[in-house]
Asks: 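Mind looking over this structure? Questions follow.
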Number of protein chains: 4
Amino acid sequence: MNTTATHQPKFRRRAAARPDELLNAALDLFIENGFAATRVEDIAKRAGISKGAVYLYFSSKEAILEALVRRAVVPVAEGAMAMVETYTGSVREAITMAFSVLAMRLSEPRLIAIPKLIMHEVTQFPELAQMYREEVIERAKPALVALIEKGIASGELRAVDPELAVRSIVGPVALHVLMAEVFGIVPEGGLQLDKLVANHLDILFDGLCAEPRGVDEGGADG
Amino acid sequence: MNTTATHQPKFRRRAAARPDELLNAALDLFIENGFAATRVEDIAKRAGISKGAVYLYFSSKEAILEALVRRAVVPVAEGAMAMVETYTGSVREAITMAFSVLAMRLSEPRLIAIPKLIMHEVTQFPELAQMYREEVIERAKPALVALIEKGIASGELRAVDPELAVRSIVGPVALHVLMAEVFGIVPEGGLQLDKLVANHLDILFDGLCAEPRGVDEGGADG
Amino acid sequence: MNTTATHQPKFRRRAAARPDELLNAALDLFIENGFAATRVEDIAKRAGISKGAVYLYFSSKEAILEALVRRAVVPVAEGAMAMVETYTGSVREAITMAFSVLAMRLSEPRLIAIPKLIMHEVTQFPELAQMYREEVIERAKPALVALIEKGIASGELRAVDPELAVRSIVGPVALHVLMAEVFGIVPEGGLQLDKLVANHLDILFDGLCAEPRGVDEGGADG
Amino acid sequence: MNTTATHQPKFRRRAAARPDELLNAALDLFIENGFAATRVEDIAKRAGISKGAVYLYFSSKEAILEALVRRAVVPVAEGAMAMVETYTGSVREAITMAFSVLAMRLSEPRLIAIPKLIMHEVTQFPELAQMYREEVIERAKPALVALIEKGIASGELRAVDPELAVRSIVGPVALHVLMAEVFGIVPEGGLQLDKLVANHLDILFDGLCAEPRGVDEGGADG
DNA sequence: AATGAATGAGAATTCATTCAT
DNA sequence: TATGAATGAATTCTCATTCAT
């Protein structure tokens, strides 16, 4: 937000910081109570300003929701899949690495909150889902698909359908998080995403079946 | 409406059917517009009765939602995993069979609608999620876990973490449906759940990796 | 409102009478405080119902204003100038008669209130003025113009511009009322519209009449 | 905007002109949108200053309206009817002359705007109407009444009621303007006040003039 | 069992006005 | 003088729920 020479205005009250503070406050409350059940006044109060002041920064409650998603979407879209595209070494390593990053991100409550929020409000505001799809999913998915295609071409992977394989790769992690967030099904000891990822990658790459493999069943636990 | 000469035929006399008709109407509307945006009067109108009459059958709008979930939950919970528990033959066959049933169910709009609805409204009504968890998930999951444990014990499967493996099994399908329902990401030609399932089971059982395998049957296309 | 057989529903609360009661209440308050300063709740209270019930009958506050004007406009438009069109005898008699009717109408507070209301709110709701113009003015004016034209043709009146002469006929009465209503300039003893009309007609006709004049230069065009 | 190196020129330094600039801006906006629909910020923006600065010059929005009327009222009241009072020659000439001045004034949008504004806002701010009455109407009217009385006394005019005759004189012009301003009824080719005045005076005087009549019954009362 | 008129709490939004800078 | 961020009172409209009929 700052450019280089840092002695940012201090007069102008704090107009510059406000929008972000408001979005943070709104995100907290939307997560907690949902969009509909959150009153503009609540957002204002949590941000430490008055109800009216909110409208100095956002034209409506819905505009807050939209800005929230947009703000979250931009950085993800930017650097997100860069690493996958520039991987060196095996596909297995690349995906493993990607997952370690993904797992880390999914553990940050304020990041995972955005897709969750979209899930909740998609009925009322389909444009949010569209924005998320365009900015995040449609960028990340091709990167993974390309990765798989390269793996197949190089002979590292079997000839599976790359598009659908992406579901097999990402789905278990998504479900794990969803179960926790929506249905409150959390393993003892917390999400333990790393454990899930390890188990999942093991299955993913080497298969569930024991027999056909000559080598190393080794297993799931990290 | 009539006052003195009263012997109104009033074709509608199947009061017993009413609750179900109301739930059907409500489900349609909840799916379409979400719970909050659906007015009780809309439900009444679609069910062909008056707004006031709704309250003869349900004590509140929320009670309708709850009844909706309860109604959907019971049959699923009952017969659902029976087949898995009584499987004969290999684990691979059992899971494949289970998936073919699951895929069929997920294709029925009125069935998939329920977990979707819960996803949307869980913030407002956590008890719905709890009910679903208790009645559906907590019954289905142990069945699958047991299946995997048996497979491991019999040597058919490698020694993975059974709890987490369930995510690897179900996750991709869940994600596929979620992508379609929430983000509108539908493959050309429709959901094509069968194709996804085939590809997924192939990966699941035999792994993505080509090399270690002696046999490569080439995979994905169903 | 009634058709012939009169034993109107008495159940249905009193839905049939409500809109009119509401309009009456609204008119009173709009006159007293203006449109903007009248709260919907005030209207409801005066009509003896709740705020919410107002919206069962009118979709918005503005809709009330519009209905108010429309209601007032219809009957005026209907029978209003019929008498002028079917006059027998001299133009002087016809206009004199018309004025006696007009004066009577202008004395009814609830009738004069409508154009006053329009005057006040025309800036916010130009469509009201348009409606009034189309329904009332554009019907009444041609009737008077025609009357004058006939008078000129028959030699009873001098050759003045009929369109503009209408202003000379109606203007003084309008101004009299306006002065009273807007600026509170009321002659001692009340409006005394009859006295004004008598004086005005006297002036008007002894200028309009051709006879006493030796010369008739034909008048109006500058 | 500047922070440390402060010697802002700030070209605007004619504080003395500000109130008038504000009133001009306000008048424009009040005419266009009405008092209620005009925001203080709009006035400020049009006057080229900040919202807050408005309150350095006027204590409230209402005070602006009041000042507006007061400013308009003073000059009119001062020189307005002087000419009528000092007329020489016939009453007919004096009134004709007065009308030519009046017509000119009524054509100036910013002058006619004031009584229009009062008309619109009189319900909310009756004191405006009172001010206008006292300062403008109550000065102009007596001048005209006196004029007529003199005319009657000198035998130039018939014995009409002078007070009421003023309505006959001014009313048509007022109505003409009102029709245009409120109901949008404008003759083809614009207001054409001169044409109306010519026609009106023709009608007016050949009724007011005593001469052509053989008999003078004296007229007006009832 | 059924109606639909009526209620009233509740929330978003606007804008005149204040005040720290 | 001047700014513009901040305030908060005020008002429209919605809709779940009740109840007289």
Side-chain angles (χ1 to χ4, degrees), chain A residues 9-16 18 36-44 48-62 64, chain B residues 1-3 8 10 12-15 18 36-44 48-64, chain C residues 9-16 18 36-44 48-63, chain D residues 1 3 8 10 12-15 18 36-45 48-64:
Chain A
K10 265 171 208 144
F11 11 81
R12 293 189 161 263
R13 228 61 67 99
R14 26 185 321 180
R18 276 289 144 74
T38 299
R39 298 197 319 262
V40 171
E41 186 159 17
D42 297 334
I43 300 172
I49 62 174
S50 75
K51 186 177 29 159
V54 173
Y55 288 87
L56 296 174
Y57 301 101
F58 298 97
S59 64
S60 72
K61 193 181 163 190
E62 191 180 336
I64 296 177
Chain B
M1 220 120 263
N2 215 317
T3 52
Q8 298 131 305
K10 215 124 205 183
R12 303 227 159 216
R13 259 303 122 100
R14 48 222 167 117
R18 277 289 150 71
T38 298
R39 302 196 313 258
V40 171
E41 186 160 17
D42 296 335
I43 300 173
I49 62 173
S50 76
K51 187 173 29 161
V54 172
Y55 287 85
L56 297 173
Y57 300 101
F58 297 97
S59 64
S60 73
K61 192 182 166 188
E62 191 181 335
I64 296 176
Chain C
K10 264 171 208 142
F11 13 78
R12 298 188 157 261
R13 231 61 67 98
R14 23 187 323 178
R18 277 288 145 74
T38 299
R39 299 196 319 262
V40 171
E41 187 159 16
D42 297 334
I43 300 173
I49 62 174
S50 75
K51 185 178 31 156
V54 172
Y55 289 86
L56 296 175
Y57 301 101
F58 298 97
S59 63
S60 72
K61 193 180 163 191
E62 191 180 336
Chain D
M1 232 119 251
T3 54
Q8 298 130 306
K10 216 123 207 185
R12 302 230 158 212
R13 259 301 121 100
R14 55 236 157 108
R18 278 287 152 71
T38 299
R39 301 195 314 259
V40 171
E41 186 159 18
D42 296 335
I43 300 173
K45 197 170 294 171
I49 62 175
S50 76
K51 187 173 32 161
V54 171
Y55 288 85
L56 298 174
Y57 301 102
F58 297 97
S59 64
S60 74
K61 192 182 165 189
E62 191 181 335
I64 297 176

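Atoms considered below: every heavy atom in the structure, side chains included; atoms not considered: hydrogens, waters and symmetry mates. The chains referred to below are lettered A, B, ... by the order of the sequence lines, with proteins before strands, and numbering in each begins at 1.
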Asks: Does B:Tyr57 put a side-chain nitrogen or oxygen below 4.0 Å from OP1 or OP2 of E:dA1?
Replies: no
Asks: In dot-bracket, 5' to 3', how would DNA chain E read with Watson-Crick or G-U wobble pairs under 3.5 Å, [ ] for crossing ones and | for pairs to another strand?
Replies: .||||||||||||||||||||
Asks: Between B:Tyr55 and C:Ser60, which has a closest nucleotide on DNA chain F that is more 5'?
Replies: C:Ser60
Asks: Mind calculating the distance between CD (D:Glu41) and P (E:dA16) to the nearest angstrom?
Replies: 9 Å
Asks: Say you draw a straight line from CD1 of A:Ile49 to OH of A:Tyr57; how long is it, rounded to the nearest 0.5 Å?
Replies: 6.5 Å
Asks: Taking atom P of F:dG4 as reference, at what distance in whole Å does atom NZ of D:Lys45 sit?
Replies: 11 Å
Asks: Starting at the 5' end of DNA chain F, which residue's closest nucleotide do you reach first, B:Glu62 or D:Lys51?
Replies: D:Lys51
Asks: According to side-chain contact (heavy atoms from CB on, under 4.5 Å), who are the partners of A:Ala36, at least two apart in sequence or on a separate chain?
Replies: none
Asks: Sequence neighbours excluded, which residues qualify as side-chain contact (heavy atoms from CB on, under 4.5 Å) partners of C:Ser60?
Replies: C:Glu62, C:Ala63
Asks: Looking at D:Arg18, I'd like to know whether one of its side-chain N or O atoms comes within less than 4.0 Å of OP1 or OP2 on F:dT1.
Replies: no
Asks: Expressed in angstrom and rounded to an integer, what is the separation of D:Ile64 atom CD1 from E:dC15 atom C1'?
Replies: 13 Å
Asks: Specify the separation, in whole Å, of atom CZ of D:Phe58 and atom P of E:dT18.
Replies: 16 Å
Asks: For B:Gly52 and A:Ser59, take the nucleotide of DNA chain E holding the closest heavy atom to each; which residue's nucleotide lies nearer the 5' end?
Replies: B:Gly52
Asks: Send over the distance from A:Asp42 CG to E:dA11 C1', rounded to a whole Å.
Replies: 10 Å
